[in-house]
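What follows is a set of notes on a single structure, which appears directly below.
Ligands are counted one by one from 1 in listed order, and the atoms in each one are counted from 1 as well. None of the values given here were measured: they were computed from a predicted structure.
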Amino acid sequence: MDLDLSGKHALVCGASEGIGRAAAHELALLGASVTVLARRAEALQAVVDALPARNGQRHGRITADVSQTNALADKVGALAGERRIDILVNNTGGPPGGPVASATADAFLQAFTRHLLANQALAQAVLPGMQAAGWGRIVNVVSTSVREPIQGLGVSNTTRGAVAAWAKTLSREVASQGITVNNVLPGFTETGRIAQIVGDRARNTGKSEQQVADGMKATVPAARFARPEEVAAAIAFLCSPAAGYINGVSLAVDGGRMQSI
Ligand SMILES: NC(=O)c1ccc[n+]([C@@H]2O[C@H](COP(=O)([O-])OP(=O)(O)OC[C@H]3O[C@@H](n4cnc5c(N)ncnc54)[C@H](OP(=O)(O)O)[C@@H]3O)[C@@H](O)[C@H]2O)c1
């Protein structure tokens, strides 16, 4: 199986911690040069310093806020002009929780800006290079809520559905150019995001965080949370040459939690 990404350049967003950081690591292990993007320069530099580098791999970082669409497009467009970006991992922090009935217009606008508009700006920055090369990979880190909305994550559920529809549409537009667009749907994964969700649920229910976490794990057939590198492995595989005929899919990495087939 051809998993070799030597000579490829990947841009991994939301990579200062969590699933994005783990994805940067897996892609570097497969031989890619990786540019990591997030808001915190110091944390990003620590990620760059820890990435495996051999055979001339050149890693770097971009400090950017995905909610600033125009500045994001300018920065990534400049990078793509200097060094073609062959692989784009669209990823950022998840929207705050809460029921959809009381969600504000501003909460929707913020979530759509950080997820949908950022993905669109990033894709537009990298696609010309991918089209010229006749090869490219775009992987969007979304959520199992694409298929089964999660109670208490109203704005997130809504935004994820839009991202999945966007990705499916794009996948069909660029498939004949050697470019694939896929989604990875993480289940409960041990990162800052899951700690935030557990903390919110504990505060809202009066349960301890341990009780909340145990209750969540009880809904997972695997009976545990995922490690970030388990989600990252799926991302890296979809970016590999071996995955060239997998396009427009939403791959759940959820320990079997979703009920739907
Ligand atoms: N963990 C789970 O259980 C789980 C389950 C389902 C779905 N997901 C989804 O998967 C994605 C990644 O989750 P995660 O658990 O890895 O999250 P995380 O640990 O909270 O990491 C989020 C990353 O995104 C970056 N980020 C946040 N806001 C940003 C912004 N405005 N501009 C640029 N970068 C930004 C953060 O870096 P900076 O702070 O340095 O910017 C960080 O590197 C999220 O969409 C999350 O909702 C996670």
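Ligand 1 has an N or O atom lying under 3.5 Å from an N or O atom of V66, backbone or side chain. For ligand 1, the polar-atom distance check against S143 finds no nitrogen or oxygen pair separated by under 3.5 Å. Remark: ligand 1 and I19 share an N or O pair separated by less than 3.5 Å (distance only, no angle test).
The backbone N or O of P228 lies less than 3.5 Å from no partner atom in the side chain of E190, so there is not a single donor-acceptor pair.
Looking only at atom types and distance, the side chain of D4 has a donor-acceptor partner in the side chain of S6 under 3.5 Å away. Using modelled atom types and a 3.5 Å distance limit, the side chains of T180 and N247 yield no donor-acceptor pair. Checking R40 against S16 by side-chain atom types alone, a donor-acceptor pair falls below 3.5 Å.
Counting the atoms of ligand 1 from 1 in the order shown, those under 4.0 Å from a heavy atom of G192 are 19 (O). Each of the following atoms of ligand 1 lies closer than 4.0 Å to a heavy atom of D65: 30 (C), 31 (N), 32 (N). For ligand 1 and T92, the ligand atoms under 4.0 Å from any heavy atom of the residue are 11 (C), 12 (C), 24 (O), 26 (N), 27 (C), 28 (N), 29 (C), 30 (C), 34 (N), 35 (C), 44 (C), 45 (O).
Rounding to the nearest 0.5 angstrom, the gap separating the CZ atom in R39 from the CD1 atom in I62 is 15.5 Å.
Nearest protein heavy-atom neighbour of atom 10 (O) of ligand 1: V141 CG1, 3.5 Å. Regarding atom 47 (O) of ligand 1, its nearest protein heavy-atom neighbour is R160 NH2, 2.6 Å. If you check which protein heavy atom lies closest to atom 7 (C) of ligand 1, you get V142 O, 3.3 Å. Of the protein's non-hydrogen atoms, the one nearest atom 37 (O) of ligand 1 is S16 OG, 2.7 Å. For atom 4 (C) of ligand 1, the closest non-hydrogen atom of the protein is G187 O, 3.8 Å.
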